[in-house]
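Shown next, in structure tokens, is the structure this report addresses.
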There are 2 protein chains.
Amino acid sequence: MLEGAARVIARRGVRGLRVAELAAEAGVSTALVYYHFKDRPGILRHALAFIGDRADRYTALAEGFPPADPADPRELLERTMLLEFQDLPEVRENSTAWGELRAHSVFDPELREELAQAGTAWVAEVAELLAAASPAAPGPAVGAAAERLTALLEGLSVRWLSGLLPLWHARELMREGVRAEIDLLGQGSSSHTHAFD
Amino acid sequence: MLEGAARVIARRGVRGLRVAELAAEAGVSTALVYYHFKDRPGILRHALAFIGDRADRYTALAEGFPPADPADPRELLERTMLLEFQDLPEVRENSTAWGELRAHSVFDPELREELAQAGTAWVAEVAELLAAASPAAPGPAVGAAAERLTALLEGLSVRWLSGLLPLWHARELMREGVRAEIDLLGQGSSSHTHAFD
DNA sequence: GTCTATAATACGATAGAC
DNA sequence: GTCTATCGTATTATAGAC
């Protein structure tokens, strides 16, 4: 039933989700949906949690996998970021639903808390990978790079999912972005501090 | 009336837009709204065009303005990108509405065409500024950098608007992003070409 | 062009049987 | 736990007068 909710959100968006459609998708009555989730916001809450868990699950895949496990940390980071850009139903569905929840949170303060938590954890994870790839870099610079990379990922993801950017191109831009940030971190902490504004 | 539509979209989102609310906002009856825009999709179409125009108008502001007009092209680019990150009602409203239309386009193919056009123009504009800031850089590299910077802007914008990122921080990350891409372009086109994947 | 109804329907939610 | 039936309301859209 939660899978059904994720599927419907990915197909219609958060506000496009109709309880009747979700019920049909899961092959049950609307009454049963309400029995389990109480009301519409309840559906959204559970779906959000489910989608978040599922994303964690396949993010964990980047570690422990085929070519070169303990290998180059830069490649591990690159692989992790590229996990979001795959034309597999589950990934596409998850990316779409997650992006929609993110976009929706602009208008729905209730969604923000859980989203903020997940978002912070995700940025921290990227920062950790980044730090491994560039051990000499100062903490704040790594944090900023992680925020930029995750924001870039989200921007590219929307373009891919709305068909504005072909998958291969999104992947290439993401890869180059990772390299750019790592280069920048490696380049050392000279000049680039500015106090104005 | 179009101002009203933009305002309501910024407040409730595309799918949260209610014809009655828009009518109230503009101080007219719902019937009059339908008289002018035909139906709900019509409202969206016109609102989208209006919001796009308004964005163009204030993007043009970055050129011809106070400190140092013919100055450093890098600073011009930086200023242009930062125009989206201002806590002024009109800017916030426009950013919110535009972001929402972008997000909504994932689910609504009809919105894509006009959105794609505006998006392409915007990327091209950034590419031009980028080329001016780094004249020696090869065209494709400049194009890629422009796509990354605009995608980064969009990702940061969503985070700012949903309260996940304070304005000053979004601005700082954007500024550093611009510098990173320009540095990268300046650094020359050595190594960074990859044929795998 | 602009209004006051009002029709038509879509949608969330619940009651009550099994 | 699960269903069928249905209620109440919110929302889009139109008719018809001014």
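Just so you know, these numbers use all the heavy atoms, side chains as well, and skip hydrogens, waters and symmetry mates. On a predicted model such as this, the values are computed, not experimentally measured, just so you know. A note on names: the letters A, B, ... follow the listed sequences, proteins ahead of strands, and every chain is numbered from 1.
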Euclidean distance, atom [atom1] of residue [X] to atom [atom2] of [N] [Å, nearest integer]:
X: B:Phe37; N: D:dT14; atom1: CZ; atom2: P; answer: 16 Å
X: B:Arg40; N: D:dA10; atom1: CZ; atom2: P; answer: 17 Å
X: A:Tyr35; N: C:dC18; atom1: OH; atom2: P; answer: 18 Å
X: B:Ile43; N: D:dT11; atom1: CD1; atom2: P; answer: 14 Å
X: A:Arg15; N: D:dT11; atom1: CZ; atom2: P; answer: 12 Å
X: B:Met1; N: C:dG1; atom1: CE; atom2: C1'; answer: 10 Å
X: A:Asp39; N: D:dG8; atom1: CG; atom2: P; answer: 20 Å
X: B:Arg12; N: D:dA10; atom1: CZ; atom2: P; answer: 14 Å

- prompt: Looking at the side chain of B:Leu32, which of C:dG1, C:dT14, D:dT14 is the nearest nucleotide?
  reply: C:dG1

field: Selected nucleotide, minimal atom distance to B:Ser29 side chain, candidates D:dT4, C:dC3, D:dT12
entry: C:dC3

- prompt: Do you see a donor-acceptor pair shorter than 3.5 Å between the side chains of A:Arg159 and B:Thr150?
  reply: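 Yes, side-chain donor-acceptor contact under 3.5 Å.
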
message: Just N and O in the side chain of A:Arg18: are any of them under 4.0 Å from OP1 or OP2 of C:dA10?
response: no

- prompt: For the atom pair CG (A:Leu152) and CD (B:Glu147), what is the distance rounded to the nearest 0.5 Å?
  reply: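 Answer for the CG-CD pair, A:Leu152 versus B:Glu147, is 11.0 Å.
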
- request: Using the closest heavy atom to pick a nucleotide of DNA chain D for each, name whichever of A:Thr30 or A:His36 lands nearer the 5' end.
  value: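 Looking at DNA chain D, the more 5' nearest nucleotide goes with A:His36.
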
field: Along DNA chain C (nearest heavy atom to each residue), the more 5'-positioned of A:Ala31 and B:Ala31
entry: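 Residue closer to the 5' terminus by nearest nucleotide: B:Ala31.
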
field: Heavy-atom check, side chain of B:Met1 versus side chain of B:His46, under 4.5 Å
entry: no

- request: With heavy atoms under 4.0 Å as the rule, sort B:Leu17 into base, sugar-phosphate or nothing.
  value: sugar-phosphate

query: Are any side-chain N or O atoms of B:Glu100 and backbone N or O atoms of B:Val14, one a donor and one an acceptor, separated by less than 3.5 Å?
result: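 Yes; at least one donor-acceptor contact below 3.5 Å.
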
query: Just by distance, do the side chain of B:Ser105 and the backbone of B:Arg102 share a donor-acceptor pair under 3.5 Å?
result: yes

